[in-house]
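Let me begin by presenting the structure, written as structure tokens, before commenting on it.
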Amino acid sequence: MQEVKEPNNGNNSNRPKKPLIYYYVIAMLILLVLNAVLFPTLNRGGVTEVGYNQFLDMIDSGAVKQVAYDEINSQYAFIAEIDGRPGVFVTGVWPNDGERLLEQLRSNPDITFSASIPTQANPIMEFLTNWVLPIIFFVIIGNLLSRYMMKRMGASGMGGLGNAMQFGKSGAKVYVEDAQTGVRFSDVAGQEEAKESLKEVVHFLHEPEKYAQIGAKLPKGVLLVGPPGTGKTLLAKAVAGEAGVPFFSISGSEFVEMFVGMGAAKVRDLFKQANEKAPCIVFIDEIDAIGKKRDTSGFSSNDEREQTLNQLLAEMDGFDGRKGVVLLAATNRPESLDPALLRPGRFDRRVPVELPDLQGRKAILLVHAKDVKLEGNIDWDIIARATAGASGAELANIINEAALTAVRRGRNAVKQKDLEDSVETVIAGAERKSAVVSESDKRIVSYHEIGHALVAAKQSNSAPVTKITIVPRTSGALGYTMQVDEGEKLLMSKAEILNKIATLTGGRAAEEFILGKENITTGASNDIEQATKLARALITRYGMSEDFDMVALETVSNQYLGGDTSLACSAETAAKIDDKVFALVKAAHKKAYQIISENEGKLHELASYLLEKETITGEEFMNILNKDEKTIS
Ligand code: ADP
Ligand code: MG
Ligand code: ZN
């Protein structure tokens with residue numbers, strides 16, 4: 001990959017950069033030296049300590065002009081003229097000599113008594129040392145620091161002081177000519193619609209005349225939106241790889257600067273460069289860092305961010321689309337973007353990059369499987385089906401985990417088993433073989449998991465059980481039951497949701513049945529959370545309850561990031577919803593308990609089988625379940 005840096009940065013980067021501490025050390029050294037050399041004399045200010053006898057001699061010789069008793073230090077301070085120049089002296093007090101000394105001083109008419117004589121330096125010196133010198137030091141240190149920072153921010157070292165204009169260098173990475181990112185459209189799988197959209201952009205950059213002939217204008221800005229890890233950044237890189245034009249890439253957070261106006265200057269610089277290099281592509285990743293809605297509340301406005309955004313808006317209006325500058329941006333928080341960014345003429349084409357479906361997952365797995373050595377026949381369908389809801393990044397991670405597992409197991413190629421285990425590792429956390437689980441806990445977990453599986457199997461409309469395990473996981477789970485749908489499921493019926501809630505309560509129901517209501521355990525906490533969420537969504541978002549009909553009672557605030565919801569109804573309705581949720585979960589729980597108690601024999605048999613084997617497949621489970629049924633009937 002060939003990267004072109006701005007020429008101005010070149011000369012600086014050769015010079016080794018000195019760390020900040022270097023300047024501190026220098027300043028401290030200067031301070032210490034000055035302190036040692038200068039301050040003793042300054043502080044004492046020519047105050048000389050003399051012996052008591054010398055003091056008496058000086059009185060006799062008529063040198064002493066003024067005397068004061070310094071009570072605090074129990075000493076005499078006096079001013080005497082030596083060689084015609086007055087100086088300040090101090091001397092200790094001779095005990096019981098007070099009376100005689102007073103007589104002696106009195107008899108000398110030249111000497112005045114005063115309340116105090118300053119034993120510090122003269123006031124001007126004092127002022128200098130206390131006020132002027134520190135300020136000078138601060139100015140010097142400040143100067144050094146600012147020079148240092150200018151250098152770091154990529155200002156030219158010319159004349160040492162740097163040039164303020166240089167602060168705003170965009171720092172965008174520039175990829176030029178062919179295939180600099182090394183990523184091609186073929187490396188991006190399962191995002192066919194997004195690729196189509198972007199291929200048009202690439203085509204436009206290759207042959208702008210064709211579009212000009214008809215009079216078609218391409219959108220100035222293309223916004224890639226979707227959950228994290230779905231390949232937005234990857235797609236942008238692929239455009240760069242295919243386009244054969246310069247590609248400027250910068251992350252939104254790089255515009256966020258310490259000083260007001262710097263971000264705006266960076267935007268200006270970026271567009272200036274882009275205009276010079278047109279036709280070209282400018283890609284702003286994670287644009288929400290600067291593109292957030294501007295504050296309307298007035299007080300808590302963020303000047304720097306707003307200025308940067310305003311500059312971006314102005315630049316987008318300013319550049320000529322026909323010249324061939326195409327702007328790409330990516331975000332996973334489209335709802336937080338400023339509406340001004342999304343209006344026609346700016347980012348008016350929105351390309352969704354959603355989580356991959358079954359086919360997409362298989363395609364992504366195949367793309368990444370090219371990077372690892374495989375052994376035997378691999379059934380990618382199984383892996384793809386087991387990973388519903390996984391993003392491209394997670395799928396890439398699964399392949400890598402499988403390769404790591406293969407190495408750990410002393411093999412030099414990846415097998416189907418490695419992949420299946422890796423899926424579990426990514427979904428449920430790695431196995432914690434070292435965890436010590438007591439026999440009684442294991443027994444409870446076995447019953448709990450079989451409870452889930454039994455309730456799932458005994459209801460129609462639920463996904464088949466594929467695996468049950470009581471090996472603890474690093475995620476904290478002591479065991480789990482895996483269910484995988486046969487095919488891709490895009491819609492879920494009300495019956496399916498209700499069955500799922502019942503299945504989730506199945507673990508606790510089994511505990512109740514075996515241990516009694518008093519001895520149920522904390523093992524169901526995650527089940528409870530999921531069941532509650534489902535029951536709530538059924539009422540508030542899917543409009544599946546009789547009472548509330550098709551009214552949206554909850555809104556999803558950020559659809560791509562966790563999907564936090566907020567209630568959109570009155571407090572009374574909220575209370576009614578709660579009642580409804582209780583009733584729903586309670587009914588499901590009751591149904592689960594019923595199923596468990598009707599299948600007591602199988603519960604015991606399956607639980608002890610699981611306890612012995614620790615991990616059983618869906619097949620083993622179904623075999624035992626069905627075999628029993630046949631012997632009974
Ligand atoms: P984001 O949408 O958060 O920008 P990225 O583009 O950074 O996601 O994806 C991270 C990684 O996940 C990629 O480098 C790639 O290895 C993998 N990945 C994600 N989506 C895909 C896809 N559709 N096809 C192939 N690999 C993908
Ligand atoms: Mg990204
Ligand atoms: Zn459970």
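Every number for a ligand or one of its atoms is a count from 1 in the order of the listing. Atoms considered below: every heavy atom in the structure, side chains included; atoms not considered: hydrogens, waters and symmetry mates.
Among protein heavy atoms, atom 10 (C) of ligand 1 sits closest to Ala393 CB, 4.0 Å. Among protein heavy atoms, atom 22 (C) of ligand 1 sits closest to Ala189 O, 3.6 Å. In terms of protein heavy-atom proximity, atom 3 (O) of ligand 1 is nearest to Gly229 N, 2.8 Å. Closest to atom 18 (N) of ligand 1, if we only count protein heavy atoms, is Gly392 C, 3.6 Å.
Only the side chain of Ile364 comes within 4.0 Å of ligand 1, judged by heavy-atom distances. With a 4.0 Å heavy-atom cut-off, ligand 1 is reached by no atom of Val353.
Put simply, the side chain of Glu449 gets close to the backbone of Thr481: a donor and an acceptor are under 3.5 Å apart. A donor-acceptor distance shorter than 3.5 angstrom exists from the side chain of Lys195 to the backbone of Phe185, with no hydrogens or angles considered. With hydrogens and angles disregarded, no donor-acceptor distance shorter than 3.5 Å links the side chain of Asn519 to the backbone of Gly516. Judged by distance alone, with hydrogens and angles left aside, the side-chain atoms of Lys232 form a donor-acceptor pair with the main-chain N or O of Gly226 at under 3.5 Å.
Near Asp187, meaning under 4.0 Å from any of its heavy atoms, are these atoms of ligand 1: 24 (N), 25 (C). The Val188 neighbourhood of ligand 1 comprises atoms 23 (N), 24 (N), with distances under 4.0 Å to a heavy atom of that residue. Ligand-side atoms of ligand 1 in range of Pro228: 3 (O), range being under 4.0 angstrom from any heavy atom. Atom numbering of ligand 1 starts at 1 in the shown order; those under 4.0 Å from a heavy atom of His368 are 15 (C), 16 (O), 17 (C), 25 (C), 26 (N), 27 (C).
The pair Glu286-Arg333 fails the salt-bridge criterion, with no side-chain N (NZ, NE, NH1 or NH2) lying under 4.0 Å from an Asp/Glu carboxylate O. Comment: Lys220 does not engage Asp348 in a salt bridge, judged by the lack of any side-chain N to carboxylate O separation of less than 4.0 angstrom. One finds no salt bridge joining Arg361 and Asp357 here, because no Lys/Arg side-chain nitrogen approaches an Asp/Glu carboxylate oxygen to under 4.0 Å. Of the charged side-chain nitrogens involved, none lies within less than 4.0 Å of a carboxylate oxygen, so that Lys292 and Asp338 do not count as a salt-bridged pair.
Here the NZ atom belonging to Lys458 is positioned 13.5 Å from the NZ atom belonging to Lys591, to the nearest 0.5 angstrom. One finds the CZ atom of Arg536 at 7.5 Å from the CD1 atom of Ile539 (value rounded to the nearest 0.5 Å).
Any N or O atom pair closer than 3.5 Å counts here, and Thr233 shares at least one such pair with ligand 1. The shortest N/O to N/O separation between Ala396 and ligand 1 does not fall below 3.5 Å. Among the atoms of Val367, none of the N or O lies under 3.5 angstrom from an N or O of ligand 1.
Taking a 6.0 Å sphere around CG of Asn377, one finds it holds 12 or fewer heavy atoms contributed by other residues, nucleotides or ligands.
Within the set Leu234, Val183, Leu224, the minimum heavy-atom distance to atom 14 (O) of ligand 1 is found for Leu234. Of the candidates Leu235, Asn332, Leu366, Thr230, Thr230 brings a heavy atom nearest to atom 20 (N) of ligand 1.
Residue contacts to the Zn ion (ligand 3): Asp527 brings an N, O or S atom closer than 2.8 Å. For residue Thr233, an N/O/S atom approaches the Mg ion (ligand 2) to within less than 2.8 Å.
Between the Zn ion (ligand 3) and the N, O or S atoms of His452, the shortest distance is to NE2.
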